[in-house]
Amino acid sequence: MPRKILCVVGARPNFMKVAPLLTAFRRRPETFDAKLIHTGQHYDAVMSDVFFEQLGMPAPDIHLGVGPGSHAAQTARIMVAFEEIVTEQKPDLVLVVGDVNSTIAAAIVSAKAGIPLAHVEAGLRSFDRRMPEEINRIVTDALASYLFVTEESGVENLAHEGADPTRIFLVGNVMIDTLDALLPRIRERHMAAELGLEAGSYGVVTLHRPSNVDDEPTLARLVGALERIGSRLPLVFPAHPRTRERLARNGLDKKLASSSVRVVEPLPYVEFISLVSESRLVLTDSGGIQEESTMLGIPCLTLRESTERPITISVGTNKLVGVDPEAAVDAVEAVLSAPRGELSYPPLWDGHAAERIAEILSGVELRPL
Ligand code: UD1
């Protein structure tokens with residue numbers, strides 16, 4: 001009998017992580033019967049549907065349609081709906097990725113139902129519990145039987161927390177599998193030209209972390225920094241719905257409209273990575289973009305005080321800048337005046353992480369913790 005796996009996705013960064021896993025599982029139909037569950041945490045066409053099309057993902061087998069809400073409300077709604085699915089489907093394994101509310105909700109339900117749990121992208125720690133994602137990571141890892149890790153720091157963090165080493169597997173990065181697979185299409189897309197920009201002559205901005213966009217003074221200071229940077233290097237800013245709403249609420253959208261910072265709608269995957277790949281630098285508070293820019297060799301200035309992905313700094317192109325506007329302006333200046341360094345890539349970020357995970361899951365005896 002094939003092993004029945006429920007793969008759970010909910011938010012934008014989950015889709016590119018699960019796509020290669022689904023492909024790897026479905027390549028072995030005699031071993032796996034993989035089903036895709038979408039919680040509906042993200043629901044807009046631009047935040048969800050378009051990723052399914054571009055990543056070649058099948059429509060979800062089950063859609064829970066939970067939508068937005070406070071952390072407690074959203075997590076609870078996913079738990080209630082997912083518990084019914086687990087009871088009905090009786091999977092051999094639940095697989096979750098990343099650190100969003102859908103991840104922790106499905107993890108708690110599975111653990112309490114006695115279903116073995118696999119966590120892909122386990123072990124990452126920012127050591128900042130003010131980030132909701134950090135809570136989600138710690139709880140999910142504590143409950144998972146199989147901890148699939150992207151970088152060495154994750155192995156060390158899990159060992160430090162006392163995880164049994166036989167649960168920990170350093171496999172590489174499934175998000176990079178997707179980047180690798182779609183690179184030919186990305187290279188053909190030339191999103192910069194479509195926006196009237198010359199390759200290498202602009203920067204890309206993304207901001208959506210609650211700590212940056214929900215606090216008005218912080219957001220206003222960041223916008224001030226972007227305006228100053230924009231006068232040196234034109235910036236394109238595909239804005240997350242949360243950020244767009246905050247900018248409008250505080251009148252900061254008008255400030256940006258009169259600067260060299262172009263706020264655009266969130267972009268689909270291929271268009272976004274194309275834009276980054278031809279940019280001079282990226283300014284972001286995203287986790288995934290720190291990794292993607294590392295693989296593309298694009299300097300990344302992270303507008304946060306911490307990162308859960310330290311390998312993007314030690315091996316990759318990332319630099320932690322914090323949220324001080326002066327520091328951000330200086331960091332951009334430093335990138336623009338420095339020669340481009342030699343590129344190097346984190347170990348195992350080679351496009352084959354999902355296959356390694358499928359191989360491991362085909363051989364282990366599946367049991368709950
Ligand atoms: C979530 C993740 C975050 C991830 C981000 C990527 C958690 C705790 N956070 O944050 O780790 O980096 O996704 O995007 O899970 N909204 C829409 N349309 C959508 C989705 C959201 O308008 O399709 C609005 C919601 O109504 C809400 C806001 O955006 O007001 C935030 O959405 P939510 O899913 O709560 O968290 P994100 O900030 O997207």
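Keep in mind that what you see is a predicted model, and the values were worked out from it rather than measured. When a ligand or atom number is given, it counts from 1 through the structure's own listing order.
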Participant: What class does the angle between the rings of Phe51 and Phe15 fall in, given that below 30° is parallel, 30 to 60° is tilted and above 60° is perpendicular?
Facilitator: tilted

Participant: Purely on distance, is any nitrogen or oxygen of His71 under 3.5 Å from one on ligand 1?
Facilitator: no

Participant: Which heavy atom of the protein is the closest neighbour of atom 37 (P) of ligand 1, given with residue, atom name and distance?
Facilitator: His240 NE2, 3.7 Å

Participant: Of the protein's non-hydrogen atoms, which lies at the shortest distance from atom 2 (C) of ligand 1, and what is that distance?
Facilitator: Val100 CG1, 3.6 Å

Participant: Kindly identify the option in Asp44, Val213, Ile135, Asn101 whose heavy atom sits closest to atom 15 (O) of ligand 1.
Facilitator: Asn101

Participant: For atom 11 (O) of ligand 1, what's the nearest protein heavy atom and its distance?
Facilitator: Glu133 OE2, 2.6 Å

Participant: What I want to check is whether the side chains of Thr103 and Asn136 have a donor and an acceptor closer together than 3.5 Å.
Facilitator: no

Participant: Could you identify the single nearest non-hydrogen protein atom to atom 5 (C) of ligand 1 and state the distance to 0.1 Å?
Facilitator: His208 NE2, 3.6 Å

Participant: With heavy-atom distances below 4.0 Å as the criterion, list the atoms of ligand 1 near Pro68.
Facilitator: 25 (C), 26 (O)

Participant: Same cluster or not: are Met131 and Val96 linked, directly or through other Ile, Leu, Val, Met, Phe, Trp or Tyr residues, by side-chain heavy atoms under 4.5 angstrom apart?
Facilitator: no

Participant: Answer yes or no: is there an ion pair linking Arg309 with Glu121, defined by an N-O contact shorter than 4.0 Å?
Facilitator: yes

Participant: List the closest protein heavy-atom neighbour of atom 24 (C) of ligand 1: residue, atom name, distance to the nearest 0.1 Å.
Facilitator: Tyr43 OH, 3.8 Å

Participant: Which protein heavy atom lies closest to atom 38 (O) of ligand 1, and at what distance to 0.1 Å?
Facilitator: Arg242 NE, 2.9 Å

Participant: Does any N or O of ligand 1 fall below 3.5 Å from an N or O anywhere on His42, backbone included?
Facilitator: yes

Participant: Find out whether Met47 and His240 are in side-chain contact, i.e. whether some heavy atom of one side chain is under 4.5 Å from a heavy atom of the other.
Facilitator: yes

Participant: Check whether any protein heavy atom sits under 4.0 Å from atom 9 (N) of ligand 1.
Facilitator: yes

Participant: List for me each residue that meets side-chain contact (heavy atoms from CB on, under 4.5 Å) alongside Ser70, sequence neighbours excluded, and say none if there are none.
Facilitator: Ala72, Ala73

Participant: Check this for me, if you would: do Asp177 and Arg356 make a salt bridge, where the nitrogen-to-carboxylate-oxygen distance has to be below 4.0 angstrom?
Facilitator: no

Participant: Taking NZ, NE, NH1 and NH2 as the nitrogens, is one of them in Arg209 or Glu133 under 4.0 Å from a carboxylate oxygen of the other?
Facilitator: yes

Participant: Tell me which part of Glu245 gets within contact of ligand 1: side chain, backbone, both or neither, using heavy atoms under 4.0 Å.
Facilitator: neither

Participant: Between Pro13 and ligand 1, which part of the residue brings a heavy atom under 4.0 Å of the ligand: side chain, backbone, both or neither?
Facilitator: side chain

Participant: For Phe237 and Val261, work out which heavy atoms get closest and say how close.
Facilitator: CB-CG1, 4.1 Å

